[in-house]
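Not measured: the values here are computed from a predicted model. Basis for what follows: all heavy atoms, side chains included, without hydrogens, waters or symmetry-related copies. Just so you know, residue 1 is the first one in the sequence shown, and it goes up from there.
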Amino acid sequence: MFMNSLFGENLFDDFFNDFDRPVRALMARPAEKQLVMNTDVREKDGSFELDIDLPGYKKEDVKAELKDGYLTVSAVRKSEDEEKDGKFIRRERFYGSCSRSFYVGEAINQEDIKAKFEDGILKLSVPKKEPELPQPTYISID
């Protein structure tokens with residue numbers, strides 16, 4: 001058929017392929033991808049080892065906090081002075097803050113967690129601890 005050879009298999013294929021183009025463009029923003037802290041979690045010798053990617057961050061811009069059983073890692077990257085290095089024509093690097101929380105349990109203390117920041121990777125070691133269950137108290141029966 002002449003119409004199929006002109007428009008492909010279906011007359012409306014090209015129309016519907018581009019129908020969601022604005023939605024796909026909004027969902028694929030490169031700046032949003034940088035907001036996520038990519039994390040690897042391993043179980044090793046009675047502890048959990050976390051490797052969190054923080055490329056471009058300095059050690060003093062990264063903070064880890066333990067509160068109510070949640071380990072929260074946050075990082076802030078401040079904007080550099082534009083006039084010092086010239087005028088930007090396009091800027092794709094992210095400036096701002098991001099954070100991520102992990103539930104580690106309420107049996108973990110701040111002193112138990114070991115942290116090291118090296119080559120843009122925050123390495124955390126969190127020991128595995130079972131929560132202390134309350135022991136049942138029995139009443140003696142005469």
Exercise. How far apart are the C-alpha atoms of D68 and Y103, what are their side-chain angles, what is the distance that settles it, and do they pass the side chain to side chain contact (heavy atoms under 4.5 Å, CB included) test?
Worked result: CA-CA 9 Å; D68 297 329; Y103 184 75; over 6 Å; no
Exercise. Linking I/L/V/M/F/W/Y whenever their side-chain heavy atoms sit closer than 4.5 Å, directly or via other members, would L66 and L122 fall into one cluster?
Worked result: yes
Problem set entry | Spatial distance of atom CD (E49) from atom NZ (K44) [nearest 0.5 Å] | 5.5 Å
For this session: Side-chain contact test, heavy atoms from C-beta onward, threshold under 4.5 Å: evaluate it for R42 versus F48 and give yes or no.
Result: no
For this session: Flag the pair L54 / V62 as yes when at least one side-chain heavy-atom distance between them is below 4.5 Å, and no otherwise.
Result: yes
Which donor-acceptor pairs under 3.5 Å do side chains of residues 106-121 form with protein atoms, sequence neighbours excluded?
unit_1	atom_1	unit_2	atom_2	d
D112	OD2	N109	N	3.0
D112	OD2	K129	NZ	2.8
K114	NZ	E111	O	3.3

Seminar exercise, completed: Separation between CG (D51) and OG (S125), nearest 0.5 Å, reads 10.5 Å
Seminar exercise, completed: Distance col, row T39:OG1 vs L50:CG, nearest 0.5 angstrom, shows 6.5 Å
Exercise. Is any side-chain heavy atom of Y138 less than 4.5 Å from a side-chain heavy atom of P136?
Worked result: yes
Exercise. Is there a donor-acceptor contact under 3.5 Å linking the side chains of S97 and R77?
Worked result: no
Exercise. For T72 and S99, what are the C-alpha separation, side-chain angles and deciding distance, and is it a side-chain hydrogen bond (donor to acceptor under 3.5 Å, both in side chains)?
Worked result: CA-CA 7 Å; T72 302; S99 68; over 6 Å; no
For this session: Begin from the C-alpha positions of I52 and N38 and carry the test side chain to side chain contact (heavy atoms under 4.5 Å, CB included) through to its verdict.
Result: CA-CA 6 Å; I52 303 173; N38 295 326; over 6 Å; no
Exercise. Among the clusters formed by ILVMFWY side chains lying less than 4.5 Å apart, do V73 and Y70 turn up in the same one?
Worked result: no
